[in-house]
Amino acid sequence: MNIHEYQARDLLRGFGLPVPEHAVADTADAAAAAARRFGTTVVIKAQVHAGGRGKAGGVKLASSADEARQTAARILDLHIKGLPVRRLLVAPAQDIKNEIYVGITLDRRAERPVLMASREGGVDIEEVAARSPEKIIREHLDPVRGLQPFQARRVGLALADDPKHGMQIATICLQLARAFQGLDASLAEINPLVITPDGRVLALDAKINLDDNGLDRRTDLAALRDLDAEDPRERRAREKGLSYIQLDGDVACVVNGAGLAMATMDLVQHYGGKPANFLDIGGSSNPEKVTTALDIIQGDPNVRAILFNIFGGITRCDDVARGILTAIDKNPPKLPIVVRLAGTNDAEARRMLQGTVLESAVTMDEVVQKAIARARGVAQ
Ligand code: GDP
Ligand code: MN
């Protein structure tokens, strides 16, 4: 789950990190009032679930309440990476000597979290990684013990010329590691962490992604979800217990199980098609889930064909077939649908689909190739 910068700032402050105070404003007038209250030059920042706001014009300085009002109005009119700006963060602007990057994420290959840091902060870390990978320092965190003080010092001292700043950064790394683990985060990033001309080290941006699997035991964190900031299709899918991620292809995939869904998407790509989505309907054959899945998929204007790839284990194929038939009975599909049901009761399931608008396939290769052909409007 993604949260906004102002929420991430509040959380990081709770772990002791040096985050300057801020206000949140939904209107230009509220931003002007906050600027007046701070009584100094402020930075006004779009609160959207996207990075690179600075480059997109979503981060601006304003030196008076009037300027803050005008700047805020302009930012509220922006769409950043397609997302409307509904809320702003207003904070006293800081003078910057150096911009540093520090972030912790999960290194799946190493099977543990990794702290990454660079003197080249402020810009996209992906850019630094591509252009000059030697400028990124990495320290893996022990999954039980967390980041060790000697590791934090190694990173801190490598990031600053003055060891006094290096030791401050080391403390920040330890605090960030505690935040990462304490929040069940999958990403905790400060970019930029700045050194000011008067020698303070401050976190001027905060990005935290929370692991969805941890939210059941942390209702306080789950409450941070901003429904308005989410993709409406992905939100509806989540509310119905489906995992859906929209992609930009034209072959929609409905699959049970995340691994099978990934394999199906790979196969679509392999045969020259482009998947329109990732969709895991889980272990259930509940017709409502299938109806919702079809609804969501057909709301995507790029989709030209739909494929079902269902592996029946405990889930019975005839139950799924019944689910699909109920769903299309209520809401006749506008697009070609190719169905592969394999496993428990698959013969009966295929019999049920005979004589319907649904096309059957036996193997995974077949369902994928047929769906790609339908998407291209070519009969096979
Ligand atoms: P992002 O582009 O979405 O990552 O947004 P950031 O919050 O990181 O802001 C982008 C850039 O704006 C930073 O890298 C800084 O260079 C600049 N910036 C942000 N806050 C301040 C501030 O308080 N003072 C100054 N001078 N620049 C700032
Ligand atoms: Mn940033």
Side-chain angles (χ1 to χ4, degrees), residues 2-13 17-25 31 34-35 37-65 67-68 71-72 74-76 78-105 115-131 135-136 159-160 169 172 176 179-180 185 187-209 226 229:
N2 242 321
I3 60 173
H4 289 296
E5 177 195 352
Y6 71 89
Q7 299 168 316
R9 281 182 174 231
D10 287 338
L11 291 173
L12 291 185
R13 234 181 253 122
L17 283 116
V19 182
E21 60 179 332
H22 72 254
V24 176
R37 212 165 46 244
F38 288 130
T40 169
T41 299
V42 291
V43 59
I44 303 179
K45 308 174 75 174
Q47 299 295 287
V48 287
H49 289 170
R53 294 163 303 166
K55 272 189 212 154
V59 177
K60 296 277 182 213
L61 299 180
S63 55
S64 69
E67 195 185 339
T71 305
R74 259 197 311 276
I75 297 179
L76 284 167
L78 291 177
H79 278 72
I80 297 179
K81 300 197 176 145
L83 303 166
V85 181
R86 296 200 172 91
R87 198 163 291 167
L88 304 167
L89 177 146
V90 184
Q94 306 295 330
D95 289 333
I96 299 176
K97 191 163 66 120
N98 298 324
E99 299 197 48
I100 292 166
Y101 173 95
V102 288
I104 301 177
T105 186
L115 168 70
M116 291 190 290
S118 175
R119 281 178 179 243
E120 309 236 330
V123 290
D124 273 351
I125 196 66
E126 289 83 0
E127 240 170 66
V128 181
R131 189 168 26 85
K135 290 190 175 152
I136 297 180
L159 290 176
I169 298 170
I172 289 167
L176 189 65
F180 178 87
L187 174 74
E189 183 185 86
I190 302 174
N191 186 27
L193 179 72
V194 303
I195 305 176
T196 64
D198 59 359
R200 290 170 303 146
V201 182
L202 298 172
L204 292 200
D205 190 11
K207 180 163 176 54
I208 292 178
N209 286 345
D226 178 2

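Ligands are counted one by one from 1 in listed order, and the atoms in each one are counted from 1 as well. Bear in mind that the values here come from a model prediction, so they are computed numbers and not experimental data.
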One should read off an interatomic distance between His22 NE2 and Ile44 CD1, to the nearest 0.5 angstrom, of 14.0 Å

Calculate, to the nearest 0.5 Å, the distance between atoms CG and CD belonging to Leu202 and Gln94 respectively. 5.0 Å

For the Mn ion (ligand 2), which N, O or S atom of Asp205 is at the shortest distance? OD2

Can you spot which of Val102, Thr105, Ile125 makes a side-chain contact (heavy atoms from CB on, under 4.5 Å) with Met116? Thr105

Nearest heavy atoms of Leu78 and Ala56, plus distance in Å: CD1-O, 3.8 Å

How about Arg86 and Asp226: do any of their side-chain heavy atoms sit closer than 4.5 Å? no

Just going by heavy-atom distances, which of Glu189, Lys60, Glu99, Gln94 is nearest to atom 14 (O) of ligand 1? Glu99

Check whether any side-chain heavy atom of Asp205 sits under 4.5 Å from a side-chain heavy atom of Lys45, and report yes or no. yes

Subset of ligand 1 atoms that lie under 4.0 Å from at least one heavy atom of Gly122: 14 (O)

Quickly, which of Val85, Val48, Ile75 forms a side-chain contact (heavy atoms from CB on, under 4.5 Å) with Arg53? Name it, please. Val48

Check Leu17, Val19, Val24 against Arg9 for a side-chain contact (heavy atoms from CB on, under 4.5 Å) and give me the one that passes. Val19

Output the list of atoms in ligand 1 that are nearer than 4.0 Å to some heavy atom of Gly54, sorted by atom number. 1 (P), 2 (O), 3 (O)

Ile100 side, atom CD1; Arg119 side, atom CZ - distance, nearest 0.5 Å: 7.5 Å

Identify, by atom number and element, the atoms of ligand 1 in contact range of Ala93, meaning under 4.0 Å from any of its heavy atoms. 23 (O)

the protein heavy atom lying closest to atom 6 (P) of ligand 1 turns out to be Asp205 OD2, 3.6 Å

Starting from atom 21 (C) of ligand 1, find the nearest protein heavy-atom neighbour and note its residue, name and distance. Leu204 CD1, 3.8 Å

Looking at Val59, which atoms of ligand 1 are within less than 4.0 Å of one of its heavy atoms? 5 (O), 9 (O), 12 (O)

Where is the nearest protein heavy atom to atom 27 (N) of ligand 1: which residue, which atom, and how far? Ile96 CD1, 3.4 Å

Would one find an N, O or S atom of Glu189, in either backbone or side chain, under 2.8 Å from the Mn ion (ligand 2)? no

Using 0.5 Å steps for rounding, measure from the OG1 atom of Thr41 to the CG atom of Leu61. 7.0 Å

For ligand 1, which is the ligand I care about here, please tell me if Lys45 has any N or O atom under 3.5 Å from one of the ligand's N or O atoms. yes

Which of the atoms of ligand 1 are close to Val43, meaning less than 4.0 Å from one of its heavy atoms? 20 (N), 23 (O)

List the closest protein heavy-atom neighbour of atom 3 (O) of ligand 1: residue, atom name, distance to the nearest 0.1 Å. Arg53 NE, 2.7 Å

Under 3.5 Å between any N/O of Glu5 and any N/O of ligand 1: does that happen in this structure? no

Side chain, backbone, both or neither: the part of Asp95 lying under 4.0 Å from ligand 1 by heavy atom: neither

Please answer whether the main-chain N or O of His49 pairs with a side-chain N or O of Lys81 as donor and acceptor at a distance below 3.5 Å. no

Protein heavy-atom contact under 4.0 Å for atom 25 (C) of ligand 1? yes

Any protein heavy atom sitting closer than 4.0 Å to atom 11 (C) of ligand 1? no

